[in-house]
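The next block holds one structure in the form of structure tokens; read it before the comments.
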Protein chains: 2
Amino acid sequence: MATFKWRTIADDLIKKIEAGELTPGTQLPTELELQDEYHASRNTVRDALKWLIQRQLVVTHAGRGTFVTRDITPYKVELSPPRGVGPGGDEGSAYVAAAKIQGRRPSVSDPRVEIRKASASMAEWLHVEEGARVVSRHQQRFIDDEPWSLQTSFYPMDFVTRGADRLVDAVDVEEGVVKYLEQELGLVQAGYQDQITVRPPDRDESLFFDLPETAAVTLIELSRTAYATSGEPLRFTVTVYPADRNMLNYKIGEVP
Amino acid sequence: MATFKWRTIADDLIKKIEAGELTPGTQLPTELELQDEYHASRNTVRDALKWLIQRQLVVTHAGRGTFVTRDITPYKVELSPPRGVGPGGDEGSAYVAAAKIQGRRPSVSDPRVEIRKASASMAEWLHVEEGARVVSRHQQRFIDDEPWSLQTSFYPMDFVTRGADRLVDAVDVEEGVVKYLEQELGLVQAGYQDQITVRPPDRDESLFFDLPETAAVTLIELSRTAYATSGEPLRFTVTVYPADRNMLNYKIGEVP
DNA sequence: CCGTATTTGTTCGTATGTATT
DNA sequence: CAATACATACGAACAAATACG
């Protein structure tokens with residue numbers, strides 16, 4: 001067969017959704033009804049629905065039904081330093097301010113603080129010896145009480161011994177860690193390098209973001225290495241965003 | 001059942017792959033063999049394999065078998081302007097140079113040039129009237145002869161009438177369009193704004209990138225609006241990258 | 001080039017489990 | 001508790017792609 005039965009069903013349903021015949025939030029016909037409508041077996045209907053689920057056009061709930069996905073307004077993540085301030089951008093503290101401007105209600109969990117041995121790759125990022133101690137601060141971030149991103153930052157343990165005690169305190173640093181390190185240790189952020197990749201979620205991430213396992217939701221992973229004026233790494237931060245509800249933004253040079 | 005049969009099979013296979021027991025390129029047992037091994041029906045085995053296919057851990061070929069995915073070294077896309085040159089970065093021309101440095105063999109198709117009416121969103125991006133003419137230049141880019149990205153750039157038709165004829169010429173502008181516009185019209189790129197989103201491919205894109213429909217490969221869509229020193233938009237570019245073989249990179253401020 | 005065996009892809013039917021109403 | 005609706009699992013048949021003698 002040139003094109004498959006499940007696919008023609010899927011395409012027809014997609015057409016109906018895109019035509020507005022099935023609006024966001026409305027329930028699709030049940031699998032039994034679709035079976036009759038398209039003269040297909042239930043399994044074939046389910047194959048078609050899987051295709052829509054993957055595209056996130058619909059969601060299914062056992063016992064309730066299949067529903068057209070509600071529109072989500074993606075959150076704009078601004079990753080450039082704030083205007084005229086130089087490259088001191090603290091993605092963490094900027095997050096709260098930026099979200100408010102977009103009319104959203106952001107919140108941040110208190111961090112889970114751990115002291116760990118640096119892995120090989122971590123050692124390379126932070127320019128420390130492999131096995132040296134690093135502080136990791138892991139935070140969950142919410143927008144409008146919905147889980148929005150997970151962030152883990154790593155700092156050399158050295159910073160703590162030199163006086164930046166609050167790094168090992170399991171409390172959010174409201175003014176931003178970058179500013180705190182500047183005040184406490186005189187370390188000024190001179191720049192940063194971002195690496196953006198896309199990958200599937202692991203089990204913990206699926207749980208936190210409440211991602212249906214059947215859907216193919218991917219995460220955007222942003223790895224940021226911040227450097228001090230001396231050229232030494234200041235911190236290494238990994239932030240994961242569900243790809244479906246976030247949009248990353250950069251402004252380079254003069255942008256009106 | 002707390003956890004499902006297909007899932008335990010999938011997890012076991014994943015474990016074997018991650019343990020190196022099944023190395024990239026090697027063939028998995030056939031569905032018939034897995035059926036015996038796990039005392040499951042063929043459909044259940046196939047459900048497990050679908051999970052691995054989604055995660056891109058394996059690929060299947062009808063008539064041949066199921067194979068552990070070969071490792072792919074992601075291509076590093078550098079999206080910051082070249083050092084010390086100011087924000088004049090031309091993502092198009094930089095691409096070829098950067099790829100060579102990474103030891104890859106890049107190539108670019110000649111562009112498909114079209115003159116179209118500006119849609120509402122396009123008009124907003126380019127600061128032209130809705131319905132005004134815009135030039136679109138669509139190019140396919142390859143690395144090591146494999147499809148790597150698709151790019152479409154839009155320019156106000158005005159640029160052509162003012163003398164930038166080569167914009168409507170279906171030939172690659174080797175030195176980069178940004179430099180060409182500077183030479184021809186004195187328009188200097190002062191900055192740009194990037195928007196990064198992730199979405200599933202459409203049919204054309206699946207075809208070009210040779211993405212198996214069963215896999216959940218997503219595309220990274222990078223929308224760049226470049227501005228001239230006057231503050232007027234210079235061009236609007238949309239580039240799509242298959243998420244599995246690309247890594248986006250930004251350097252902000254001083255990065256050693 | 002042809003025919004056959006192998007392997008994955010699609011479709012169907014059916015039974016049972018689990019979540020929701 | 002019963003009815004409804006989706007989820008898992010099994011078995012079976014045939015089609016399509018590939019490999020091989």
Side-chain angles (χ1 to χ4, degrees), chain A residues 1-13 22 25-70 203 206-207 210-217, chain B residues 1-13 22 25-69 206-207 210-217:
Chain A
M1 212 185 305
T3 178
F4 310 113
K5 200 163 183 177
W6 67 263
R7 188 57 194 273
T8 67
I9 298 174
D11 285 342
D12 190 58
L13 289 172
L22 295 165
T26 59
Q27 181 171 5
L28 264 70
T30 67
E31 294 176 353
L32 208 74
E33 289 167 333
L34 290 173
Q35 195 178 312
D36 287 349
E37 185 176 340
Y38 291 103
H39 305 288
S41 76
R42 174 143 180 259
N43 282 332
T44 303
V45 168
R46 282 176 63 74
D47 281 342
L49 289 177
K50 267 178 213 155
W51 183 253
L52 302 207
I53 292 169
Q54 273 207 358
R55 310 268 139 154
Q56 309 214 171
L57 294 169
V58 301
V59 286
T60 55
H61 300 285
R64 287 209 281 143
T66 305
F67 302 84
V68 180
T69 308
R70 288 182 304 283
R203 211 178 251 110
S206 286
L207 219 64
D210 193 27
L211 304 176
E213 290 210 330
T214 45
V217 190
Chain B
M1 209 183 309
T3 180
F4 312 112
K5 199 163 183 175
W6 67 263
R7 188 57 194 273
T8 67
I9 298 173
D11 285 343
D12 190 59
L13 289 172
L22 294 165
T26 59
Q27 181 171 8
L28 265 68
T30 66
E31 294 176 353
L32 207 75
E33 289 166 334
L34 291 173
Q35 196 172 224
D36 287 350
E37 187 176 340
Y38 292 102
H39 305 290
S41 75
R42 176 152 174 248
N43 281 331
T44 303
V45 167
R46 283 176 63 76
D47 280 343
L49 289 178
K50 268 178 210 155
W51 183 254
L52 302 208
I53 292 169
Q54 273 208 354
R55 311 266 137 154
Q56 309 217 170
L57 294 169
V58 301
V59 288
T60 54
H61 300 283
R64 287 209 281 143
T66 305
F67 302 84
V68 179
T69 308
S206 285
L207 218 65
D210 194 27
L211 304 177
E213 291 209 332
T214 46
V217 191

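Naming: A, B, ... by sequence-line order, numbering from 1 per chain. Predicted model only: the values in this text are computed from it and were never measured.
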Please work out which residues in residues 53-64 of chain A have a non-hydrogen atom less than 4.0 Å from an atom of DNA chain D and list them by number. Thr60(A), His61(A), Ala62(A), Gly63(A), Arg64(A)
Which whole-number value in Å describes the distance from Trp6(B) CH2 to dG17(C) P? 20 Å
Is any side-chain N or O of Arg42(A) under 3.5 Å from a base N or O of dA7(D), one able to act as donor and the other as acceptor? yes
Are Arg7(A) and Asp12(A) ion-paired here, with the side-chain N under 4.0 Å from a carboxylate O? no
Ignoring backbone atoms, establish whether Thr66(B) has a side-chain N or O less than 4.0 Å from OP1 or OP2 of dT7(C). no
Please find the pair of heavy atoms, one from Ile9(A) and one from Ala40(A), that lie closest to each other, and give the distance. CD1-CB, 3.9 Å
Closer than 3.5 angstrom, by distance alone: can the side chain of Thr69(B) be matched with the main-chain N or O of Gln56(B) as a donor-acceptor pair? yes
Walk me through whether Arg203(A) and Asp11(B) qualify under salt bridge (charged side-chain N to carboxylate O under 4.0 Å, His left out). CA-CA 12 Å; Arg203(A) 211 178 251 110; Asp11(B) 285 343; 3.1 Å; yes
Using atom CZ of Arg7(A) as one end and atom P of dA15(D) as the other, report the distance to the nearest whole Å. 23 Å
How many Å lie between CZ on Phe4(B) and P on dC6(D), as a whole number? 16 Å
Tell me the interatomic distance from Leu28(A), atom CG, to dA5(D), atom P, rounded to whole angstroms. 13 Å
If I take atom CD in residue Glu31(B) and atom C1' in nucleotide dA17(D), what distance separates them, rounded to the nearest angstrom? 13 Å
Of all the nucleotides listed (dT8(D), dC10(D), dC12(C)), which has the minimum atom distance to the side chain of Ser41(A)? dC12(C)
Please report the distance, rounded to the nearest Å, between CG in Asn43(B) and P in dT10(C). 12 Å
Here the distance between atom C1' of dA5(D) and atom CD of Gln35(A), to the nearest Å, is 12 Å
Atom pair distance, as rounded to whole Å: NZ in Lys50(A) and P in dG9(C): 13 Å
Given dT8(C), dC10(D), dA5(D), which nucleotide is nearest the side-chain atoms of Thr30(A)? dA5(D)
Does Gln54(A) reach the main-chain N or O of Trp51(A) with its side chain, forming a donor-acceptor pair under 3.5 Å? no
Indicate yes or no for a side-chain donor-acceptor contact from Lys5(B) to the backbone of Val45(B) under 3.5 Å, with no hydrogens or angles considered. no
Between Gln35(B) and Asn43(B), is there a donor-acceptor pair closer than 3.5 Å when you use the side chain of the first and the backbone of the second? no
